Amino acid sequence: MAENDPDRHLRQIYNVVGVTSVVLDVAQLVKRRRGSPPKITKEQELQQHLDRAKEARAGRLNTIGPKHRFVLEAAAHVLNLEPEVLIDCTADTDESVERMERLFEADGSKGLLIYYGMYGAPGLDSGRYNPKQKRQQLMQTLVTDGAEEQVTNVSVAAFRHNNRKVVEVKTLGEDIFLVSIAIPEGASIIYTLTWLLENIARPALDSIKDYGYCTDLQKSYFFHGVETFMKFLKSTEKDISERIMFEVDHELYKGFLLTKVQVEETVRDREKVYAAERAFARWMRKIEYALTQGNQIRRDPYDVGPLHELEYWRSMLTKYTSIAEFIESQPFLRYQYCLKLSRSKLMKKWYQMDKEVTQHQSVHTIPAH
């Protein structure tokens, strides 16, 4: 009988560890001989991204079918553009194509807007990226719901009255309506709302023939309410347009007059003080002109009624309110503080004018009826 070897298990463990080490050494040797996978450069990574973007763009272009083209071609005609311009811009993003899709779906959106204005050049994901146009602003179209993007001076609205069913190609002309929207430069949101009601909503209401169980009296009340609301909007727009606008040099204000400490430092710079005086003098001329208008004697025709009188008081109140709001604003107070510290001669004239503004504001209020 063989004599027992007490170290045989330990030797077996050493053998296993030795074999494992050899295997790992061989694997490392093979890896070094084959070489590690080549690293992708930034240029190659960018090219791969652009290739994927082009593939995605091709898919979006395939999605744009007859229904989409009906809307885009009609909008192109209104905007005096080639249809391909709108198609190319629409295919830049998934969101634009999806918005158009929802316009044709059952229970989808009831309308969309096509803006035409200056927008950033197509980006990396558009599928038509051009590095030479990077950070440039180009005239382009944008399909939007109008929730976030700023409205452009010229745009087209596509809408439908009934979104309960899917829009078919054969009924496009009956289901989809388009209208051009032109907004003058500087017009307010009230003007835009009034324009939409007058040129889109009201004609659409007039075209409805069947009012169901609505009686003629209820119908007349409804249209009277619409007319009253539109008159109110027009009056409000008139008030807004008559506000006095005071231009502020924000470079001077934010750079040198934003805080009292800055004002106290700026007083030592005569050029900055002269600039503040020139701006303050322009504001005073506008205020003086408004005060002169308020002091003029009115010669109204003999047949004017109380509504004409009310409009006059509203107009005057709007002007004096805009003046009062401005002279209480931080920019005006900082400019005034600067001129006060510099002992400007304008201050004496301003204190007298400030009293007149307070007096006129208290007098020109809408009379109680």
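Treat the numbers as computed from the prediction; the structure is a model and nothing was measured.
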Would Lys272 pass as a cation-pi partner of Phe256, given that its NZ or CZ must be under 6.0 Å from the six-membered ring centre and within 45 degrees of the axis? yes

Tell me whether the guanidinium CZ or amine NZ of Arg270 lies under 6.0 angstrom from the six-membered ring centre of Tyr274 and within 45° of its axis. yes

Can you tell me if [atom1] on [X] sees more than 12 non-hydrogen neighbours from other groups inside 6.0 Å?
| X | atom1 | result |
| --- | --- | --- |
| Met245 | CE | no |
| Glu82 | CD | no |
| Phe232 | CZ | no |
| Glu251 | CD | no |
| Asn80 | CG | no |
| His77 | NE2 | no |

Could you tell me whether the side chain of [X] and the main chain of [Y] form a donor-acceptor pair under 3.5 Å?
| X | Y | value |
| --- | --- | --- |
| Arg60 | Asp92 | yes |
| Glu73 | Phe70 | no |
| Ser344 | Met347 | no |
| Ser322 | Lys319 | yes |
| Gln133 | Asn130 | no |
| Gln140 | Gly120 | yes |
| Arg334 | Leu258 | yes |
| Arg164 | Ala106 | no |
| Arg57 | Arg128 | no |

Where do Ile87 and Leu61 land on the side-chain contact (heavy atoms from CB on, under 4.5 Å) test, with the steps shown first? CA-CA 8 Å; Ile87 294 173; Leu61 286 170; 4.0 Å; yes

Is there side-chain contact between [X] and [Y], with at least one heavy-atom pair below 4.5 Å?
| X | Y | answer |
| --- | --- | --- |
| Gln44 | Thr41 | yes |
| Val71 | Val156 | no |
| Asp249 | Tyr253 | no |
| Val143 | Leu113 | no |
| His49 | Asp125 | yes |

Search all heavy atoms of [X] against all heavy atoms of [Y] and return the closest pair with its distance.
| X | Y | result |
| --- | --- | --- |
| Gly146 | Tyr115 | CA-OH, 3.7 Å |
| Arg160 | Ser109 | CD-O, 3.8 Å |
| Leu233 | Ile190 | O-CG2, 3.4 Å |
| Val263 | Tyr337 | CG1-CD2, 3.4 Å |
| Val97 | Thr90 | CG2-O, 3.6 Å |
| His68 | Glu101 | NE2-OE2, 2.6 Å |

Can you list the steps and then say if Leu138 with Met118 is a side-chain contact (heavy atoms from CB on, under 4.5 Å)? CA-CA 5 Å; Leu138 306 174; Met118 295 293 291; 5.7 Å; no

Using the rule that two of Ile, Leu, Val, Met, Phe, Trp, Tyr join whenever any of their side-chain heavy atoms come within less than 4.5 Å, decide whether [X] and [Y] are in one cluster.
| X | Y | answer |
| --- | --- | --- |
| Leu178 | Leu112 | yes |
| Leu252 | Leu346 | yes |
| Ile176 | Ile64 | yes |
| Val261 | Val273 | no |
| Met100 | Val179 | no |

Nearest 0.5 angstrom please: [X] [atom1] to [Y] [atom2], how far?
| X | Y | atom1 | atom2 | value |
| --- | --- | --- | --- | --- |
| Glu45 | Leu50 | CD | CG | 11.0 Å |
| Thr259 | Gln330 | OG1 | CD | 11.0 Å |
| Leu196 | Ile181 | CG | CD1 | 5.0 Å |
| Lys209 | Asp206 | NZ | CG | 8.0 Å |
| Met139 | Leu79 | CE | CG | 9.0 Å |
| Thr144 | Gln150 | OG1 | CD | 12.0 Å |

N/O donor to acceptor pairs below 3.5 angstrom from side-chain atoms of residues 166-175, sequence neighbours left out:
unit_1	atom_1	unit_2	atom_2	d
Thr171	OG1	Glu168	N	3.4
Thr171	OG1	Glu168	O	3.2
Thr171	OG1	Asp175	OD2	2.8

Side chains of Thr321 and Thr318 only: does a donor on one sit below 3.5 Å from an acceptor on the other? no

Give a yes-or-no answer on whether the side chains of Glu237 and Thr194 include a donor-acceptor pair shorter than 3.5 Å. no

Stepwise salt bridge (Lys or Arg N to Asp or Glu O under 4.0 Å) test for Lys165 and Glu105: CA-CA 7 Å; Lys165 61 179 182 178; Glu105 295 174 350; over 6 Å; no

Would Phe332 and Phe280 count as a close aromatic pair, with their ring centres under 6.0 Å? yes

Would Phe246 and Phe326 count as a close aromatic pair, with their ring centres under 6.0 Å? yes

Test side-chain contact (heavy atoms from CB on, under 4.5 Å) on Tyr289 and Ile244; report intermediate values, then the result. CA-CA 10 Å; Tyr289 180 74; Ile244 301 175; over 6 Å; no

Any ion pair linking Glu265 and Arg268 (charged N to carboxylate O, less than 4.0 Å)? yes

Test side-chain contact (heavy atoms from CB on, under 4.5 Å) on Ile327 and Ile287 and set out the steps. CA-CA 10 Å; Ile327 64 179; Ile287 296 173; 4.3 Å; yes

Given the rule in the ring pair (Phe, Tyr, Trp, His ring centres under 6.0 Å) test, do Trp350 and Tyr335 qualify, once you have shown the distances and angles that lead to the verdict? CA-CA 12 Å; Trp350 165 247; Tyr335 274 76; over 10 Å; no

Tell me which one of Ile114, Leu72, Thr141 satisfies side chain to side chain contact (heavy atoms under 4.5 Å, CB included) with Cys89. Thr141

Fit a plane to each ring of Phe159 and His161, take the angle between them on a 0 to 90° scale, and name the class: parallel (under 30°), tilted (30 to 60°) or perpendicular (over 60°). perpendicular

